[in-house]
Amino acid sequence: MASTKHDSITKMNITTAMKSGNRNGPWSSMLKIFLLLTILAHGIIFSLSSLGSIGIPSIDYTANAALNVAASSIWNINSNNNGAAIQSSSTTSKTMKQLPHWRVAVDCSAYSLDCFSRGQRSNRYLPYPFPPKKSNNEFQTEILRKLPKEWSQRLQSQPITNYSQPPEISIQDKHNLYPPMVGDDKYKKCLEFTGIIQGTAPNEFVPTKSTVDQLDEILASGRLTVEPDTNMVAFTISDSSYTRDMLHDIFQMMDHVVGFSPQHFFIVAIDIETLQMACRYGYPVLFWKESNNETLRDAVANTKLVLSFELVNRGIDFFFSEMDVWWIKSPKSSLQAFQAVNADQTINNHLYFSGHQNNPGAANIGVYAAKATSQTKEYFQTCLDLLKQRPKTHDQLVMQQVGWLYESTLNNKSYGFGGNWGEEDPPPVPPVRFPFKAKFWGPHDIVADERPMPTLETMAIHTLCGVPLLNPHGKKMIAREIGAYYGFVTDPSPNFGQRFVYDVQKSTTAAGYYARAGNAYRRYLVLDSSIRTSFYSTSPAHIYHRNNFFQWIVAVLLTIAKWSDRIFILPQVFMAYMDAGSYFSWNVMDYSMVNDFIDTRECNFLSNPKSWANDDEWPFVSAAVTAYLLDEESKNATIYSQVTNRSEIISQHAWEVGALAERNMLDAYAASLLYTDRIQDTELLLVNPDFMLQHGFIDKLAHRSRLFRAGKTEVSRFERDVFDIYELLGWCWESGKGHSVSKTSASHSCYAKGQKGRR
């Protein structure tokens with residue numbers, strides 16, 4: 001290992017001291033001992049810091065020293081010889097090289113059960129910071145005997161939201177900073193190209209041009225050309241359930257990950273909303289003319305097969321990828337190898353299918369590529385003919401059965417169609433002139449499954465569910481939780497994401513899904529507790545299986561997120577049923593009715609590096625740790641806050657609110673979070689509403705809600721909003737509790753399926 005400058009200076013000083021010093025006498029002995037210890041200590045430090053050079057990353061907590069010193073002195077925390085946290089009466093203590101407690105939610109995803117244990121064993125995290133010792137003079141405490149006038153006025157100045165009407169601008173459109181739109185002229189030309197004309201009604205549009213004619217025009221115009229490395233074009237099919245929040249994702253992912261730019265990739269819109277969005281942002285799009293008269297299943301099946309046939313019939317090789325396929329690495333090398341196979345070869349040629357993770361020989365038609373050959377023209381024509389004969393059959397079955405027919409014919413074996421062909425028997429087996437055996441990607445190359453398991457070989461994740469084409473929300477959430485979701489960026493140029501310094505004052509509400517805009521950051525709200533950050537447990541005795549407690553906690557947090565214009569990170573939920581374990585909250589919570597008003601992110605958002613700041617040591621630079629607790633010493637309800645910027649504690653405060661009327665306590669908690677500038681400016685707002693779980697607080701809150709609904713009492717605007725949001729939330733406790741994190745699939749999403757919770 002090469003010596004650093006620091007090594008050279010240290011060795012020089014040691015050598016000089018040994019040469020010049022008296023080699024006899026007690027001072028010499030002490031010097032030798034001191035030098036020996038210095039060498040040993042230096043060698044240990046050097047060895048640990050050099051682990052990275054052999055592939056083992058070293059952990060450097062040095063940057064956290066200021067936070068450790070501050071936390072140790074201000075909260076009177078020290079450490080015993082076993083590394084356990086103890087309380088000290090001294091205002092000075094040795095540095096504990098630890099991270100704040102909330103970093104466990106950054107270090108550990110919901111899937112990582114061993115992560116937290118390893119962190120605790122290595123004493124990686126500081127203890128939960130509240131409550132501090134009341135004897136601490138540096139901790140500023142106010143006693144609130146009534147709600148401060150300024151807080152009350154600001155709470156009452158908030159407008160009342162009418163949730164029965166969608167907002168003029170959804171919260172996602174407000175928070176997302178999209179790539180620029182094209183001008184009105186280009187937008188109108190795009191609609192004209194697809195043959196869409198305005199009907200007699202304001203929202204009526206009439207398609208006048210066939211999809212095949214649109215394909216011929218886009219090819220003839222030069223706006224769509226083959227990608228030179230693969231000699232293919234690529235396409236996908238979508239409706240607004242995906243494009244509403246993934247239109248930019250799919251084009252950026254296909255360009256920057258897969259390798260097909262908008263010059264070589266297009267989308268087929270099967271509803272007007274998707275067409276309008278694509279035209280508005282200048283993306284190449286065709287409109288499926290028959291979509292107004294078809295079910296979603298028929299539209300997808302017919303569009304996929306018709307476009308596949310028409311492309312190969314025009315001599316164009318192509319690559320198809322559905323909207324619920326998330327690419328991590330480019331498949332271009334495998335596509336190039338596929339293209340290099342001679343057209344005369346009948347085995348592992350002509351068609352290139354993704355398989356299934358649990359059935360590698362069954363074609364997954366979410367991803368496939370085709371050469372324009374006699375074999376593929378006949379294959380797709382056969383599939384179209386069979387689908388016309390049995391229109392209630394799923395296209396997956398048709399393409400799979402025809403593939404096995406062609407392979408059996410190649411091997412001189414007879415074949416009869418099987419499977420579910422709707423309400424009728426399987427159709428007659430057609431003759432085959434050009435048999436072949438399709439090529440397959442491996443089961444770990446493109447991982448298609450309800451519970452996908454990524455590996456080192458994985459290029460893409462295809463999230464499946466029990467019934468094809470359903471549960472788009474669940475499919476996106478699974479992709480997000482496992483870290484495969486792309487997440488559009490505001491500026492997809494190569495210079496996006498260059499390193500910059502974050503300051504606590506520089507915040508914005510607009511950016512990409514994960515990516516930050518410029519030198520600013522998003523603001524998030526996270527459920528906190530002394531147990532674990534972004535984690536709610538139903539196991540403590542006083543809330544054991546009281547699901548309605550979690551429902552009220554979520555309603556309060558969503559209201560705070562809405563009023564503070566923060567994005568709510570969905571927490572994990574620990575449930576101790578027969579299958580005790582951690583659950584994704586979207587598995588039991590239906591927030592579809594508030595989705596346009598309150599922005600949310602997946603449970604594993606904090607642990608996804610895509611969401612982190614470009615900072616060497618701090619994934620989230622500034623944080624406000626807050627809590628609403630029953631103080632064990634004073635027996636008063638107390639609101640605590642600690643604001644940090646990287647390793648520095650900026651401020652800390654407490655408000656004793658036990659003297660307030662109970663109906664004002666929730667307002668006081670909300671106001672302390674909403675109207676304290678240093679708290680508002682932070683990137684992370686961590687909220688621990690533990691007092692709400694004590695002394696019947698939630699039962700009384702629910703009772704007040706019933707009285708308010710009956711017109712028998714008045715409530716503050718904040719509580720009114722909490723009550724409204726509570727009524728809009730739905731719940732899937734019975735079905736959800738059977739699917740812990742490792743067992744959850746897209747079909748288990750509660751979104752738009754939940755039942756109203758009891759008050």
Side-chain angles (χ1 to χ4, degrees), residues 234-254 257-258 260 265-271 273-274 277-278 288 295-301 303-305 307-308 319-329 331 353-359 362-369 394-397 399-400 441 443-454 458-488 513 584 586-587 602 604 744-749 751-753:
F235 76 99
T236 194
I237 304 164
S238 188
D239 68 355
S240 59
S241 66
Y242 283 99
T243 52
R244 194 173 293 126
D245 58 353
M246 279 185 56
L247 178 65
H248 305 295
D249 294 57
I250 188 65
F251 277 93
Q252 291 179 12
M253 180 178 66
M254 290 298 295
V257 179
V258 182
F260 285 80
F265 169 72
F266 65 97
I267 189 170
V268 183
I270 58 176
D271 61 16
E273 185 178 345
T274 296
M277 287 180 64
W288 180 245
T295 65
L296 174 63
R297 182 197 65 190
D298 294 341
V300 172
T303 307
K304 185 183 300 183
L305 287 171
L307 264 293
S308 297
F319 172 65
F320 172 76
S321 179
E322 286 185 339
M323 290 291 290
D324 56 359
V325 177
W326 284 272
W327 291 92
I328 303 170
K329 294 188 292 187
F353 281 117
S354 161
H356 289 79
Q357 185 173 242
N358 62 354
N359 190 352
N364 165 40
I365 63 171
V367 178
Y368 62 92
H394 197 278
D395 57 345
Q396 173 84 35
L397 175 69
M399 294 179 71
Q400 175 64 76
W441 274 285
H444 299 297
D445 294 334
I446 299 169
V447 182
D449 201 87
E450 288 191 67
R451 301 169 186 86
M453 178 67 69
T458 301
M459 293 183 289
I461 295 291
H462 185 190
T463 53
L464 306 182
C465 65
V467 180
L469 301 178
L470 298 182
N471 297 298
H473 174 269
K475 290 184 174 185
K476 296 172 198 174
M477 293 305 286
I478 289 291
R480 290 164 179 161
E481 300 292 7
I482 64 176
Y485 193 77
Y486 182 78
F488 80 94
Y513 185 85
F584 294 127
W586 54 267
N587 200 9
E602 66 272 15
N604 284 332
T744 298
S745 72
S747 57
H748 300 142
S749 168
Y751 196 81
K753 303 175 188 175

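In what follows, residues are counted from 1 in the order of the sequence shown.
- Legend: residues meeting side-chain hydrogen bond (donor to acceptor under 3.5 Å, both in side chains) with Thr243, ordered by chain and number and at least two apart, are Thr274.
- From Tyr513, atom OH reaches atom CZ of Phe488 across 10.5 Å, with rounding to the nearest 0.5 Å.
- With sequence neighbours left out, the side-chain hydrogen bond (donor to acceptor under 3.5 Å, both in side chains) criterion links Thr236 to no other residue.
- For Asp245 and Arg480, the salt-bridge test passes: some basic side-chain N is under 4.0 Å from an acidic carboxylate O.
- Scanning all heavy atoms of the two residues, the minimum distance from Asp271 to Ser240 falls at OD2-N, 2.8 Å.
- Checked against side-chain hydrogen bond (donor to acceptor under 3.5 Å, both in side chains), Ser354 has the following partners two or more places apart in sequence or in another chain: Asn364.
- Side chain of Gln357 to backbone of Met453: a donor-acceptor contact under 3.5 angstrom is found.
- Closest heavy-atom contact between Pro454 and Pro452: CD-O, 3.6 Å.
- Scanning both residues, Ala746 and Cys465, for their nearest heavy atoms gives CB-CB, 4.0 Å.
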Intermediate values then yes/no, side-chain contact (heavy atoms from CB on, under 4.5 Å), Lys475 and Met323:
CA-CA 10 Å; Lys475 290 184 174 185; Met323 290 291 290; over 6 Å; no
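- Within the 3.5 Å criterion, the main-chain N or O of Ala363 finds a donor-acceptor partner in the side chain of Gln396.
- With rounding to the nearest 0.5 Å, the separation of OG in Ser238 from CH2 in Trp288 is 15.5 Å.
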Run the side-chain contact (heavy atoms from CB on, under 4.5 Å) test on Gln252 and Tyr486 for me, step by step, so that the C-alpha distance in whole Å, both residues' side-chain angles and the decisive distance to 0.1 Å come before the verdict.
CA-CA 9 Å; Gln252 291 179 12; Tyr486 182 78; 3.6 Å; yes
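- Smallest separation of non-hydrogen atoms from Lys753 and Ser747: NZ-O, 3.1 Å.
- From Tyr485, atom OH reaches atom CD1 of Ile328 across 14.5 Å, with rounding to the nearest 0.5 Å.
- No side-chain N or O of Ser749 forms a donor-acceptor pair with one of Asn471 less than 3.5 Å apart.
- Trp327 is listed as a side-chain neighbour of Ser321, based on a closest heavy-atom distance under 4.5 Å.
- The side-chain heavy atoms of Trp326 and Lys476, taken from C-beta on, include a pair separated by under 4.5 Å.
- In this structure, Thr458 contributes its side chain and His444 its backbone to a donor-acceptor pair below 3.5 Å.
- Ile365 and Glu322 get closest at one heavy-atom pair: O-OE2, 4.2 Å.
- Separation of atoms CG (Asp445) and CE (Met459) is listed at 4.5 Å; rounding is to 0.5 Å.
- A side chain to side chain donor-acceptor pair (under 3.5 Å) with Trp586 is found for exactly one of Glu481, Glu602, His473, namely Glu481.
- Exactly one of Phe251, Phe319, Phe235 qualifies for a ring-ring contact (aromatic ring centres under 6.0 Å, His included) with Phe265. That residue is Phe251.
- Between the OH atom in Tyr242 and the CG atom in Leu247 there is a gap of 14.5 Å [rounded to 0.5 Å].
- Residues Asp324 and His462 bring a donor and an acceptor atom of their side chains to less than 3.5 Å of each other.
- Rounding to the nearest 0.5 Å places CD1 of Ile237 at 9.0 Å from CZ of Phe266.
- Residues Phe260 and Ala234 come closest through the heavy atom pair CD2-CB, 3.6 Å.
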